Visitor: 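This is the structure, below, for whatever I ask next.
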Protein chains: 2
Amino acid sequence: MAKQTIPKAAALRLSLYLREVESLLEAGQTKVSSGQLAESLGLTAAQVRKDLARFGPLGRAGIGYLCPALAEQFRRILGTDQLRPVALVGAGNLGRALATYPGFERRGFKITALLDNDLRKVGRQYGGLIVQDIAKLHFVCQRDRIRLAILAVPGSAAQDVADLLVRAGIQGLLNFSPVRLDVPAAVVVSTVALSLELEQLGLAVRLRNK
Amino acid sequence: MAKQTIPKAAALRLSLYLREVESLLEAGQTKVSSGQLAESLGLTAAQVRKDLARFGPLGRAGIGYLCPALAEQFRRILGTDQLRPVALVGAGNLGRALATYPGFERRGFKITALLDNDLRKVGRQYGGLIVQDIAKLHFVCQRDRIRLAILAVPGSAAQDVADLLVRAGIQGLLNFSPVRLDVPAAVVVSTVALSLELEQLGLAVRLRNK
DNA sequence: AAGTGTGAATCGCTTCACAGCG
DNA sequence: CGCTGTGAAGCGATTCACACTT
């Protein structure tokens with residue numbers, strides 16, 4: 001494997017590279033230069049080369065990079081070279097939207113369980129998934145060896161559900177509730193704060209017009 | 001007004017500061033020190049002071065910061081001291097979830113229009129909003145002076161809708177489609193790529209276990 | 001000739017350390 | 001004495017420039 005340490009900023013770009021290379025492959029292009037990737041992604045050619053060199057000696061001087069090799073290596077590093085199961089907690093509006101979101105599976109993630117604590121929702125079906133009682137969380141996570149979970153519950157319930165997920169052995173938590181979650185250091189939490197995104201967008205617009 | 005230039009990283013923290021201060025105010029706390037804010041948000045005290053000093057001379061030496069003054073200033077900088085109208089395009093699963101998301105209004109944003117190009121959806125009501133024909137986009141945006149829009153349509157339609165939004169005078173675009181949008185430089189685009197978030201989470205978990 | 005890989009220079013942000021105020 | 005505000009130092013990431021490979 002390449003380097004053990006990946007700068008946070010470079011890790012973020014890794015996903016972008018993979019997306020771009022996949023799109024090139026779909027368009028039938030089998031090789032690409034650092035300059036072309038930089039142009040498409042709004043980066044500099046030097047930065048692209050630095051990143052790609054870090055992920056392994058992937059390029060050929062004078063030629064460029066071979067797209068299939070890039071895609072394969074990117075997926076290997078990201079761990080999405082095989083489908084990974086994900087638990088989704090919360091079958092409200094947002095949970096249902098995420099349950100039916102087609103993008104996850106295309107990117108190597110499969111939501112294999114949809115759970116809620118509202119017994120009126122249990123048994124209903126969304127996006128091919130039957131809502132299960134959250135009491136089954138631990139059992140399901142263990143049985144299917146689920147390491148990642150998405151949290152789409154109201155803020156008031158988020159910490160309680162997070163505790164359940166931690167006890168069920170979850171290692172990574174994608175949190176859509178606008179609260180900071182208190183979890184053991186061994187568990188990774190990533191919060192998507194929707195209103196924060198809007199705030200930042202509004203601020204960027206404000207500053208641009210000055 | 002404070003400084004005209006806000007580092008990208010500091011701007012991001014601005015939203016976090018506001019959230020924390022609001023939560024302190026709700027708990028009845030009227031003053032706070034840089035150390036306490038740092039502790040709550042996982043930053044260093046020095047960084048908090050640097051940030052807050054940038055946003056204006058807000059603190060009192062030996063005392064700390066007054067929460068109401070902080071909240072007021074933060075909101076003023078973010079432009080959320082008054083409710084800002086937002087257009088939401090796409091009444092699919094994700095669009096409906098966003099239309100009914102209560103967090104936006106609490107943070108100074110009000111979705112005032114929900115639009116879709118699917119005439120079967122036009123006229124339906126979600127979260128108090130009636131779905132309108134996207135043909136009315138330009139009219140609605142002009143009438144209500146809407147500057148910000150949320151794009152929750154399939155990737156295949158995203159660029160077309162983005163073009164419409166730009167022509168309607170939108171200045172900021174929160175994009176939930178997994179595609180890069182081509183817009184004039186004067187328009188700010190922020191993309192929330194859901195599967196990218198999962199990828200990064202998975203990678204963080206992977207790297208942690210090494 | 002085209003394009004990668006990489007040391008060196010540079011840039012921007014974070015942390016440190018402390019002067020100064022209440 | 002507690003705590004802010006800030007120059008200075010430190011650090012990580014980006015950019016530059018170019019030797020080197022095909």
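As the structure is a prediction and not an experimental result, all values here were calculated from the model. Because only heavy atoms are used, hydrogens play no part in the values below, and waters and symmetry mates are left out as well, while side chains stay in.
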Visitor: Looking at C/dT14, I'd like to know if its phosphate oxygens (OP1 or OP2) sit under 4.0 Å from a side-chain N or O belonging to B/T44.
Guide: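 False: B/T44 side-chain N/O out of range (4.0 Å or more) of C/dT14 OP1/OP2.
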
Visitor: Just to be sure I understand the rule, does A/A46 reach a base, reach only the sugar-phosphate, or reach nothing, if contact means heavy atoms closer than 4.0 Å?
Guide: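 Touches a base.
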
Visitor: Does a side-chain N or O from B/R13 land closer than 4.0 Å to OP1 or OP2 of C/dT14, or not?
Guide: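 Result: yes.
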
Visitor: Identify, residue by residue, the members of residues 22-36 of chain B with a heavy atom below 4.0 Å from DNA chain C, and return them in order of residue number, or none.
Guide: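 Going residue by residue through residues 22-36 of chain B, none turns out to have a heavy atom under 4.0 Å of DNA chain C.
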
Visitor: Side chain of B/K50, heavy atoms from C-beta onward: which of C/dG7, D/dT6, D/dA17 has the nearest atom to it?
Guide: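 For the B/K50 side chain, the nearest candidate turns out to be D/dT6.
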
Visitor: Without hydrogens or angle criteria, can the side chains of A/D51 and A/Q47 be said to hold a donor-acceptor pair below 3.5 Å?
Guide: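 The answer is no; no qualifying pair exists.
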
Visitor: Quick one: which of D/dT6, D/dA17, C/dT14 gets closest to the side chain of B/A53?
Guide: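 Nearest to the side chain of B/A53 among the choices is D/dT6.
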
Visitor: Cut-off 3.5 Å, side chains only: do B/E199 and A/T80 have a donor facing an acceptor?
Guide: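 No, because no side-chain N or O of B/E199 sits under 3.5 Å from a partner of the opposite role on A/T80.
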
Visitor: Given C/dC16, C/dT6, C/dC13, identify the nucleotide with an atom nearest to the side chain of B/P7.
Guide: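 Shortest atom-to-atom distance from the side chain points to C/dC13.
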
Visitor: Below 4.5 Å, heavy atoms only, C-beta onward: do A/F176 and B/L194 meet side chain to side chain?
Guide: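 Touching, per the 4.5 Å side-chain cut-off.
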
Visitor: Considering heavy-atom distances to DNA chain C, does B/K8 or B/R49 have its closest nucleotide positioned more toward the 5' end?
Guide: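 The 5'-side residue here is B/K8.
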
Visitor: Taking the six-membered ring of B/Y126 (Phe, Tyr or Trp), confirm whether the NZ or CZ of B/R96 is under 6.0 Å from its centre and within 45° of its axis.
Guide: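 Satisfied, under 6.0 Å and within 45°.
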
Visitor: Could you list the protein-to-nucleotides 19-22 of chain D atom pairs, N/O on both sides, closer than 3.5 Å?
Guide:
from	atom 1	to	atom 2	distance (Å)
D/dT22	O4'	A/A61	O	3.3

Visitor: Just to confirm, is there a sub-4.0 Å distance from OP1 or OP2 of C/dA2 to any side-chain nitrogen or oxygen of A/Y65?
Guide: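 Indeed not, no polar side-chain atom of A/Y65 lies that close.
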
Visitor: If you look at every strand shown and take non-hydrogen atoms under 4.0 Å, does A/L52 touch a base, only sugar-phosphate, or nothing?
Guide: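 If one applies the 4.0 Å heavy-atom cut-off, A/L52 turns out to touch nothing in the nucleic acid.
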
Visitor: Determine, for A/E22 against A/R106, whether the closest basic-nitrogen to carboxylate-oxygen distance falls under 4.0 angstrom.
Guide: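 Salt bridge between A/E22 and A/R106, a charged N being under 4.0 Å from a carboxylate O: no.
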
Visitor: Consider only side-chain N and O atoms of A/Q36 and A/E20, and report whether a donor and an acceptor are under 3.5 Å apart.
Guide: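 Short answer, no.
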
Visitor: Any side-chain donor-acceptor pair under 3.5 Å between B/R49 and B/S34?
Guide: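 The criterion, which ignores hydrogens and geometry beyond distance, is satisfied for B/S34 and B/R49.
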
